[in-house]
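Ligands are counted one by one from 1 in listed order, and the atoms in each one are counted from 1 as well. Computation of the quantities below employed the complete heavy-atom set of this structure, encompassing side-chain atoms and omitting hydrogens, waters and symmetry-equivalent molecules. The chain is numbered in sequence order, starting from 1.
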Amino acid sequence: MNSLLSIAPEVSAALAAGRPVVALESTIISHGMPYPQNLEMARRVEAIIREEGAVPATIAVADNRIHVGLDDALLERLATAKDVAKLSRRDMGAILASGGLGATTVAATMIAANLAGIRVFATGGIGGVHRGAEISFDISADLEELARTPVAVVCAGAKSILDLPKTLEYLETRGVPVIGYGTDTLPAFFCRSSGLALALRRDTPEEVAAVLAAQAALGFPAGAVIANPIPEAHALPEAEIDAAIASALADADRDGIAGKAVTPYLLARIVALTEGRSLTANIALVENNARVGARIAKALAALG
Ligand code: PSU
Ligand code: MN
């Protein structure tokens, strides 16, 4: 086990016994949602995973260690502190050397989960190819991580703040399977469908686990995207979301937002522009992904 890892006893016991564990990211807490909803969401998602019979492992960096499974005090710091670093692959060495507090993105959470031996990770949405990437070159490091680290990410697709067709093309090029969970099209986060066809569809946790197990048996270094649509009752009207996203993108452009600040800026603007409706939907879809993630982790654990 890597000496930089600090694994909670509950998590290490489950891993040692081959019981299901689901990793959770912390950037969604520190940079993806406002307080106090972020803290409530983080606790609720852990509870859902437990209800399903799996062990949650929220991941963050603090005090020169990668923590896998957080106590409530650290969860609260991540939800409230103003100076939490947003960590992707490139940031890991520096934050571990400095001892600072850092929240892990999808990419960094995958790295930590893989080091700990966790195969399933649930979140809201992944990063992707940004609109205008042909000029800005803004492509999330999440996509590279999905191509090189064998962790399955259960998400509700990606927000249409991104260029979703390019995101799918990139994942195809880099050999990352995108599995529609009970759907033939890529979910678009707040909306159940982006209209973009997916090559793969599976309808049960067992079927998804079988794909993941076969891919692992091949020794592929790649992860997978399990694209799980937002529950019907919580989906937002496409026109409302499209309008909010268009305004948010224009605001980001006007304010000269670049680099890793882009995604958090857009997320916060969309919450403001939809008067919180996007936040309610976001929480509902994360909870749904946690439930499905736990079921997939259980099915994988049953395969041994
Ligand atoms: N998309 C969301 N909510 C989020 C994120 C993305 O709907 O909280 C976060 C995730 O942590 C993701 C990161 O890994 O943003 C991507 O950031 P970037 O685009 O800078 O790679
Ligand atoms: Mn970026």
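Within ligand 1, the atoms closer than 4.0 Å to a non-hydrogen atom of H130 are 19 (O), numbered from 1 in the order shown. When each atom of ligand 1 is checked for a heavy atom of F189 under 4.0 Å away, the hits are 7 (O). Within ligand 1, counting atoms from 1 as listed, the ones closer than 4.0 Å to a heavy atom of G32 are 8 (O).
Counting only non-hydrogen atoms, the option in D142, T27, I161 that gets closest to atom 12 (C) of ligand 1 is D142.
Inter-residue side-chain proximity for D255 and Y265 is flagged as met; some heavy-atom pair is nearer than 4.5 Å.
Shortest contact from atom 19 (O) of ligand 1 to any protein heavy atom: T263 OG1, 2.7 Å. For atom 21 (O) of ligand 1, the closest non-hydrogen atom on the protein side is S140 OG, 2.7 Å. Of the protein's non-hydrogen atoms, the one nearest atom 2 (C) of ligand 1 is K159 NZ, 3.3 Å. In terms of protein heavy-atom proximity, atom 11 (O) of ligand 1 is closest to E25 OE1, 2.6 Å. From the protein, the heavy atom lying nearest to atom 1 (N) of ligand 1 is G125 O, 3.6 Å.
If you look at L267 next to ligand 1, the close heavy atoms, those under 4.0 Å, all belong to the side chain.
A donor atom on one side chain and an acceptor atom on the other are found under 3.5 Å apart for E46 and T58.
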field: Test side chain to side chain contact (heavy atoms under 4.5 Å, CB included) applied to F189 and I161, step by step
entry: CA-CA 10 Å; F189 206 82; I161 55 174; over 6 Å; no
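Put simply, part of K86 is less than 4.0 Å from ligand 1, judged by heavy atoms.
For ligand 1, the polar-atom distance check against V106 finds a nitrogen or oxygen pair separated by under 3.5 Å.
Here the protein contributes D138 OD1 as N, O or S atoms under 2.8 Å from the Mn ion (ligand 2).
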